[in-house]
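Comments concern the structure below.
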Amino acid sequence: MKNKNQYYIALKEDNGQLNEIDLGEKLGFNEEETRLIIMKLLSEHKIEYIENGTCNYSTMKRSKGKNHEKS
């Protein structure tokens with residue numbers, strides 16, 4: 001889904017400056033479409049609910065654990 005990836009990248013770059021709905025509107029999405037994109041990103045564990053400035057969502061921090069890519 002092109003819109004989902006576009007929103008994810010914008011959320012990452014915005015760093016909590018705009019709220020999640022305003023960010024979607026800036027990208028040309030209506031509120032309903034923005035909420036659907038957020039739900040999909042949450043279900044994929046790409047974002048998490050966390051107060052980050054004016055935005056209530058943040059991209060997940062990727063950590064390299066012992067199960068991450070074995071040599």
Side-chain angles (χ1 to χ4, degrees):
M1 170 181 223
K2 181 181 172 189
N3 292 346
K4 182 180 70 173
N5 292 331
Q6 183 181 9
Y7 186 87
Y8 177 76
I9 292 167
L11 182 66
K12 194 179 219 182
E13 292 173 352
D14 186 63
N15 199 27
Q17 304 226 352
L18 291 174
N19 75 38
E20 58 276 6
I21 302 302
D22 289 342
L23 180 61
E25 287 178 355
K26 180 180 174 185
L27 297 171
F29 310 141
N30 63 35
E31 184 175 344
E32 183 179 343
E33 186 174 8
T34 300
R35 292 194 188 282
L36 287 172
I37 291 169
I38 290 169
M39 285 183 356
K40 288 179 183 179
L41 290 170
L42 283 168
S43 71
E44 294 173 3
H45 302 285
K46 289 188 174 185
I47 64 173
E48 62 185 336
Y49 178 82
I50 185 168
E51 291 184 20
N52 182 19
T54 59
C55 186
N56 291 322
Y57 296 92
S58 179
T59 56
M60 296 286 284
K61 304 285 188 254
R62 302 277 177 170
S63 63
K64 291 185 179 180
K66 64 181 181 181
N67 291 331
H68 183 77
E69 216 177 296
K70 294 181 181 181
S71 302

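Every value quoted in this text rests on a predicted model; they were computed, and no experiment measured them.
Leu36 and Ile9 fall into different hydrophobic clusters, defined by Ile, Leu, Val, Met, Phe, Trp and Tyr side-chain heavy atoms under 4.5 Å apart, directly or through other members.
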Practice task
List the steps, then state whether side-chain contact (heavy atoms from CB on, under 4.5 Å) holds for Gln17 with Thr54.
Solution key: CA-CA 6 Å; Gln17 304 226 352; Thr54 59; 5.5 Å; no
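Shortest non-hydrogen contact noted between Asp22 and Asn19 is N-OD1, 2.7 Å. Across all non-hydrogen atoms, the minimal contact from Gly24 to Thr34 is CA-OG1, 3.5 Å.
Applying the 6.0 Å contact sphere to NZ of Lys4 captures more than 12 heavy atoms from other residues, nucleotides or ligands.
Residues Asn3 and Glu33 bring a donor and an acceptor atom of their side chains to less than 3.5 Å of each other.
Between the CD1 atom in Ile21 and the CZ atom in Arg35 there is a gap of 4.0 Å [rounded to 0.5 Å]. A distance of 12.0 Å separates CD1 of Ile38 from OG of Ser43, quoted to the nearest 0.5 Å. With values rounded to the nearest 0.5 angstrom, Ile47 atom CD1 is found 8.0 Å from Cys55 atom SG. Atom OH of residue Tyr8 and atom CD of residue Glu13 lie 11.0 Å apart, to the nearest 0.5 angstrom. Distance CD/Glu44 to CE/Met39: 11.5 Å, rounded to 0.5 Å. A distance of 12.0 Å separates CD in Glu20 from CG in Leu41, rounded to the nearest 0.5 Å.
Ring geometry for Tyr57 versus Tyr49: interplanar angle over 60°, hence perpendicular rather than tilted (30 to 60°).
Within the 3.5 Å criterion, the main-chain N or O of Leu11 finds no donor-acceptor partner in the side chain of Thr59.
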